[in-house]
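To start, the structure itself, in structure tokens.
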Amino acid sequence: MPHLLIVEDEPTTSWALAEGLADDGYTIDTFRTAEDALAWLKTNRSDLVISAGVAECFSKPFAVDALRRSVRRAIANADARRAGMKKAA
């Protein structure tokens, strides 16, 4: 299953994002600062990074279903790009 990296300084928002997306089976790591996330990324890989402020992009109350659709679409697009690059190589 794809890995998601959530960078959010607000603990409640970070928890809500992680809990909502974990239900879809993603593996998730969360960080409160970009610096910590970048340090982690030096030795690890993530399929998608969700950064602070993402919750403001969705209607209130927070629409986890909209976020799930966006994440699925982003992962599918990344997979398609990777598949296209492998074919061209």
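For clarity, every value in this text was computed on a predicted model and none was experimentally measured.
- Between Ser46 and His3, the shortest heavy-atom contact is OG-ND1, 2.9 Å.
- Closest approach of Ala74 to Leu48, counting heavy atoms only: CB-CD1, 4.0 Å.
- Considering all non-hydrogen atoms of both residues, Met1 and Gly25 come closest at CG-O, 2.8 Å.
- The salt bridge (charged side-chain N to carboxylate O under 4.0 Å, His left out) contacts involving residues 38-50 comprise Arg45-Asp47, Asp47-Arg82, where partners must be two or more places apart or lie in separate chains.
- The two residues Leu5 and Ala37 make their nearest non-hydrogen contact at CD2-CB, 4.1 Å.
- Ile28 and Ala22 get closest at one heavy-atom pair: CD1-N, 3.6 Å.
- Under the 30°/60° scheme for interplanar angles, the aromatic rings of Phe31 and Trp40 are found to be tilted.
- Note that the OG1 atom of Thr12 and the CG atom of Leu17 stand 11.0 Å from one another [nearest 0.5 Å].
- Under a hydrophobic-cluster definition in which Ile, Leu, Val, Met, Phe, Trp and Tyr are linked whenever side-chain heavy atoms come within less than 4.5 Å, directly or via other members, Trp15 and Leu21 are assigned to different clusters.
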request  = List the steps, then state whether side-chain contact (heavy atoms from CB on, under 4.5 Å) holds for Asp24 with Arg72.
outcome  = CA-CA 10 Å; Asp24 289 342; Arg72 281 193 294 268; 3.6 Å; yes

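- Interatomic distance, OG1 of Thr13 versus CD1 of Ile6, reported as 10.5 Å (0.5 Å rounding).
- The minimum heavy-atom distance linking Ala18 with Thr30 is given by the pair CB-CG2, 4.1 Å.
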